[in-house]
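Working notes, structure below.
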Amino acid sequence: MSSDEKQVAPRSLAEALRAKDDGSLAALLRARPDLITPVPTDLTQLATRAGTRASVIRALERLDRFTLQTAEALAVAPEPADRETLLALLAGDENDPAVVGAFPHALAALREQALVWGPDDRLRLVRTARELLAPSPQHPSPTGLGPTVAEATAGMSPGRIQEILTAAGLPTTHDAVSAVASLTSLFTDRARMADLLAAAPPDSLDVLSRLVWGPPYGQVTAEPAARLRWLLDRGLLLPTAPGTVVLPREVALHLRAGRAHRSTEPLPPAVEPAATHRPQVVDTTAAGQAYTSLATIEELLKDWDEGGPTVLRAGGLSVRDLKRTAVALDVPEPVAAFWVELAYAAGLLASDGEADERYAATPAYDEWLELPAAGRWTRLATAWLSGTRTAGVIGGRDTKERTLAALGPGLDRSAAPEVRHRVLTLLAALPEGASASPDSVVARLHWERALRGAASSDDLRARLARWTLSEAESLGITGRGALSAHGRALIGAESSAPAPETDSGAEQASGPGDKLPVHHHRHHPAPPPQPRSPAELASAAARAGKLLAPLLPEPLDHVLLQADLTAVAPGPLQRPLADTLDVLADVESKGGATVYRFTPGSVRRALDAGRSASDLHAFLSEHSRTPVPQPLTYLIDDVARRHGHLRIGSASAYVRCDDDALLNEIIADKRSQGLRLRRLAPTVLAAQADPATLLEGLRSMGFAPAAESAEGDVLITRAHAHRTPPRTAPEPVPDGPPSPDTTLLGAAIRAIRAGDLASTTPHKPTAAAPGRNGTLPRTTSAETLATMQAAVLTGDTLWIGYVNAEGSASQRVIAPIKVEGGFVTAYDHTADEVRTYPLHRVTGVAELADEQA
C-alpha cells in the first residue's frame with residue numbers, strides 16, 4: 001500500500017468529523033439537533049459542542065439498551081480499544097451470535113452520533129461519555145466493574161506490589177510500573193488465571209462470586225479472615241481505602257467469561273399480543289367509541305355554555321369542579337380530566353379572561369360543531385396525538401409540592417407525543433386485530449430508551465405508555481385494544497401487511513453510506529419518528545377521517561314519544577333535533593338509546609327560549625314516530641297558559657301582573673320574605689333583589705314568571721350565549737430542539753464546511769500577520785485595498801478578518817469580484833453566496849498558501 005493510500009488515524013473528534021462526508025454530517029445533525037442551534041462556525045466548534053455534558057447526556061438518553069451497553073463496554077475497555085476487544089466484552093467467551101449480529105449496527109449508531117470516533121483498531125469514546133459511563137467509587141458503572149489493576153494500585157507502595165507478585169507466583173521486577181504490567185498480564189491470561197484460581201480455597205472463591213457482578217467493593221477488618229487474606233496476598237482483591245477492598249476489573253472479567261454485562265440484550269423484547277379479534281369488529285368498536293367521544297365533548301361544553309367553573313387563582317380547575325364535571329359526564333374523575341384537557345388541547349375550551357374568570361367554550365367550538373362527525377373526530381385525535389399536556393399527571397405534585405390541577409400549569413410532558421406515536425406504531429406492527437400486552441409495550445419502550453428511567457410504574461415513559469393505551473381506546477383510535485384502520489391512517493401506517501415485529505424499521509435504521517448487511521439491522525427497532533409537517537399531519541388526518549366516516553352511525557330525524565312523559569332516541573340525533581330536544585326535555589339516561597324526560601321546568605325553558613305552545617306541538621308531531629301522548633299535550637298547554645302571566649324587569653327589580661289577586665298571593669306567601677317585596681301599584685311589586693334572583697325565587701315557589709326587557713317585551717333566553725374571545729389552542733412544548741429539515745441541513749453543512757475552510761486553510765505570512773495563531777489577519781487599509789484589487793484581476797481567493805456592525809469578529813474566505821466606492825463585492829465561501837463588505841470593516845487580508853504536493 002502506498003503512502004497516499006494509508007489511512008491516518010484522526011487525532012481528535014474534530015479531525016474525525018472533518019473526514020466525514022456531507023451525508024454523515026447530516027445524519028449526525030438530524031440525530032442530535034441540539035448541535036445545530038445555533039449553526040457552528042466550523043467543525044472544531046461542532047466537535048466541542050458534541051462533547052459538552054448536556055449534549056452527551058441527551059444523546060445517551062436516546063440510545064437503545066444494546067447500543068448503550070456497547071458504549072458502556074467501551075468505557076471499561078482500554079483506550080483506545082480495537083473492534084475485536086469491544087466485541088469480546090459484549091459477546092463473551094461463548095461469542096453470542098445474537099450479539100455478533102447486532103454489534104455492527106450498534107457501533108455504527110455510536111459513530112453516527114459522534115459518541116465514538118476513530119478507526120476500528122483505535123476506537124475512542126467521547127471524553128464526556130467516558131466520564132459518565134466509566135466506573136468510579138462515586139459513580140459505579142452500570143456494568144458493575146471496578147477499577148483496573150493499574151488504577152487500584154496507583155497509591156500502593158512498590159514493596160507491597162512486589163510482595164503480591166511473589167505470592168501470585170510471578171518474578172519480582174525492578175520498578176512498580178513493570179510490576180503492575182506483570183500482574184495485569186497474569187489476570188488477563190485465561191489459562192494462568194484458571195491455574196491460580198484452581199488453587200484458591202472454596203471460601204475465597206465464594207467471596208469473589210459475591211463481588212463479580214457488582215458492586216465490586218467490600219469491607220474488611222484490620223485483621224482479615226484467612227479467605228480474604230489469600231485473595232489480598234495475590235492481588236485478587238486490592239485495598240482502595242482503610243477497611244475497603246475492590247475486585248480488579250481484569251479479575252472480574254475473567255470470572256464473567258469476558259462479559260462486561262451480566263445480561264446483554266442485543267434484541268428488543270417482542271410486543272406480545274394479548275388477544276386477537278376480527279379487524280371488522282375492531283373497526284366498528286373503535287368507531288362507536290369515536291362517536292361517544294364526540295358526544296362526551298359536546299355534553300361537557302354544553303354544560304359550560306352559560307359559563308363554566310371559575311378559574312383558580314393559580315390557574316386550572318378546582319377539585320370540587322372536577323368532581324362535579326365527572327358526575328355530570330357520569331365518568332370517573334381521571335376520565336373527566338382527560339376529556340377536559342382534550343377539549344382544551346383542541347382549542348374548544350378556554351378561560352374567558354373576564355374579571356370573574358371562568359371557563360367556557362371558544363368560538364372555534366361553534367365552527368367545530370358544523371363539521372361532519374369524522375372531521376370533528378380527526379380534530380380531537382390530532383390534538384391528542386401531537387399535544388404535550390398530559391391528563392394522567394393531574395392530582396400529582398410538581399417540584400414545589402403543589403397539586404397539579406386540570407387545565408392548570410405544569411401538565412406539559414414533552415415526551416408525550418413521541419411515546420404516543422411509538423406505542424401506536426408498535427400496535428400497528430402486530431397482525432391486524434391484535435391487541436398488545438401493556439407490560440410488553442412498556443418493556444419495549446424501556447429497551448428503546450434505556451436511560452429514560454427504570455422499567456417500573458414510576459418511570460414517566462412507562463406511565464405515558466399505559467395512559468396512551470387507555471386514552472387511545474377512549475378516543476376510538478383503538479378498538480378492544482387493537483389499532484383500528486383509521487388509527488393506522490392517522491399515524492401513517494396504512495399498510496395491510498405490517499412487517500414482523502423484529503423487522504420494524506430495518507431499512508430506516510441504516511444511515512447515509514451505511515454498507516452493513518441487512519441481517520445486522522433486522523433486530524433493531526425503528527428510529528424515533530421524524531416530526532411530520534402540518535401538511536403531512538393534515539393529509540394523514542384526512543385519510544383517517546375518510547376511513548372512519550362510513551363506520552359512524554347516521555344521525556336520526558325522529559324520536560319515540562311515550563305516555564310516561566319521556567322520549568326515546570334510538571340513536572344519535574340530527575343536530576337541529578338534538579339541540580331543540582335538549583332545551584325542551586332533560587336527559588334521564590344515556591347509552592345505546594338516550595331517554596329524555598319532559599317536565600314543567602324543561603317546557604318552561606323552551607318557552608323562555610322563544611317557542612310557543614303551538615311550535616312545541618308541531619315540533620313533536622313532526623319528529624315523533626309514535627303519536628304524541630295526551631299527558632304531554634296537557635303538560636305543554638298547562639305550562640304555556642301560566643307562562644309569562646307574571647313579568648319581571650329591572651328597577652332594582654319589579655313584578656308586574658294584571659291579576660292583583662295573584663300579586664296578593666305572592667306577598668302573603670312566607671317564602672317571598674327573602675325577596676323583600678312591596679306593592680307600588682295594584683299591578684306592580686318592587687323587590688330589593690336583582691331580576692335573576694327574583695326570577696329564580698318565584699319559580700321555586702311554583703310560579704312561571706317571564707323576564708322582560710326595558711321596553712316591556714318578553715326577554716327570550718338564547719342558548720349558547722357565553723363564548724370566550726377568540727383563543728388559540730395551547731402550543732406543545734417541544735422535547736428539545738426540533739429536528740432540522742433537509743433545506744436547513746444543507747445550508748448548515750455548507751456554512752460549517754466554509755467556516756472550517758476559513759479556519760484551517762494555511763495562509764501566506766505577511767509583515768503585519770506573520771502567522772495565523774488563531775487571530776484575525778491585520779493589514780493597513782492601503783495593503784488591504786491593493787490585495788483586494790490584485791485578487792480581482794488574478795481570481796485568487798483571500799482570507800479576511802471582518803467585524804460586523806454589532807462588533808462581532810469573524811474570519812472568512814472570499815473571492816473578490818469587484819472593488820469600488822469603499823466596498824468589495826465577493827463570493828463568500830463561508831456563506832456560500834455573493835456578498836458586499838465595507839472595506840473599513842475588514843481588519844486585514846492574507847492570501848491563501850499554495851497547496852502542498
R32: salt bridge (Lys or Arg N to Asp or Glu O under 4.0 Å) partners, not counting sequence neighbours: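 Expected list: none.
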
Minimum heavy-atom separation for [X] and [Y], please, with both atom names.
{"X": "P239", "Y": "M156", "value": "CD-CE, 3.9 Å"}
{"X": "R259", "Y": "A91", "value": "NH2-O, 3.7 Å"}
{"X": "W384", "Y": "R420", "value": "O-NH1, 2.6 Å"}
{"X": "A114", "Y": "L17", "value": "CB-CD2, 4.4 Å"}
{"X": "W117", "Y": "A16", "value": "CB-CB, 3.9 Å"}
{"X": "S414", "Y": "P417", "value": "O-CD, 3.4 Å"}

Can you list the steps and then say if I36 with L745 is a side chain to side chain contact (heavy atoms under 4.5 Å, CB included)? CA-CA 9 Å; I36 203 175; L745 279 177; 4.2 Å; yes

Tell me whether [X] is salt-bridged to [Y], with the criterion being a basic N under 4.0 Å from an acidic carboxylate O.
{"X": "D22", "Y": "R753", "answer": "yes"}
{"X": "E418", "Y": "R461", "answer": "yes"}
{"X": "R422", "Y": "E448", "answer": "yes"}

For V733, check side-chain contact (heavy atoms from CB on, under 4.5 Å) against everything at least two apart and list the hits.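 V733 satisfies side-chain contact (heavy atoms from CB on, under 4.5 Å) with T388, D412 only.
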
The criterion is side-chain contact (heavy atoms from CB on, under 4.5 Å); which residues satisfy it with P216, sequence neighbours excluded?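 P216 satisfies side-chain contact (heavy atoms from CB on, under 4.5 Å) with V246, L247 once adjacent residues are dropped.
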
[atom1]/[X] to [atom2]/[Y] distance, rounded to the nearest 0.5 angstrom?
{"X": "L68", "Y": "H261", "atom1": "CG", "atom2": "NE2", "answer": "7.0 Å"}
{"X": "E112", "Y": "L107", "atom1": "CD", "atom2": "CG", "answer": "11.5 Å"}
{"X": "Q69", "Y": "L133", "atom1": "CD", "atom2": "CG", "answer": "11.5 Å"}
{"X": "R750", "Y": "L25", "atom1": "CZ", "atom2": "CG", "answer": "13.5 Å"}
{"X": "L86", "Y": "R83", "atom1": "CG", "atom2": "CZ", "answer": "8.5 Å"}
{"X": "L63", "Y": "L115", "atom1": "CG", "atom2": "CG", "answer": "6.0 Å"}

With a 4.5 Å heavy-atom cut-off, do [X] and [Y] have their side chains touching?
{"X": "L46", "Y": "D42", "result": "no"}
{"X": "V212", "Y": "V251", "result": "no"}
{"X": "D64", "Y": "P268", "result": "no"}
{"X": "T67", "Y": "L110", "result": "yes"}
{"X": "V116", "Y": "T70", "result": "no"}
{"X": "H421", "Y": "S386", "result": "no"}
{"X": "L404", "Y": "R397", "result": "no"}
{"X": "D459", "Y": "L445", "result": "no"}

Counterpart residues, side chain to side chain donor-acceptor pair (under 3.5 Å), relative to T188 (two or more places apart):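 For T188 there are no side chain to side chain donor-acceptor pair (under 3.5 Å) partners, ignoring immediate neighbours.
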
Test side chain to side chain contact (heavy atoms under 4.5 Å, CB included) on I814 and Y827 and set out the steps. CA-CA 5 Å; I814 65 172; Y827 176 77; over 6 Å; no

Ignoring hydrogens and geometry, is there a side-chain-to-backbone donor-acceptor pair from [X] to [Y] under 3.5 Å?
{"X": "T390", "Y": "V393", "value": "no"}
{"X": "T37", "Y": "D34", "value": "no"}
{"X": "R402", "Y": "T399", "value": "no"}
{"X": "S24", "Y": "K20", "value": "no"}
{"X": "R835", "Y": "D828", "value": "no"}

Verify side chain to side chain contact (heavy atoms under 4.5 Å, CB included) between S55 and L35, making sure each step is shown before the conclusion. CA-CA 8 Å; S55 181; L35 301 183; 3.4 Å; yes

Tell me yes or no: between the side chains of R30 and S739, is some donor less than 3.5 Å from an acceptor?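 The criterion, which ignores hydrogens and geometry beyond distance, is not satisfied for S739 and R30.
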
Is a side-chain donor-acceptor pair under 3.5 Å present for H446 with R65?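 Note: R65 and H446 side chains meet the donor-acceptor criterion.
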
Per-pair distances, 0.1 Å, donor-acceptor, side chain in residues 118-132, under 3.5 Å, sequence neighbours excluded:
residue: D120; atom: OD1; partner: R111; partner atom: NH2; Å: 2.6
residue: R127; atom: NH1; partner: E131; partner atom: OE2; Å: 3.0
residue: T128; atom: OG1; partner: G51; partner atom: O; Å: 2.4
residue: R130; atom: NH1; partner: A75; partner atom: O; Å: 2.9
residue: R130; atom: NH2; partner: L74; partner atom: O; Å: 3.0

Donor-acceptor pairs are to be reported for all side-chain atoms of residues 140-149 against protein atoms at under 3.5 Å, with residues two or more places apart or in another chain.
residue: S141; atom: OG; partner: T143; partner atom: N; Å: 3.1
residue: S141; atom: OG; partner: T143; partner atom: OG1; Å: 2.7
residue: T143; atom: OG1; partner: L145; partner atom: N; Å: 3.3
residue: T148; atom: OG1; partner: E151; partner atom: N; Å: 3.2

List the steps, then state whether side chain to side chain contact (heavy atoms under 4.5 Å, CB included) holds for R841 with Y837. CA-CA 8 Å; R841 294 194 178 277; Y837 296 103; over 6 Å; no

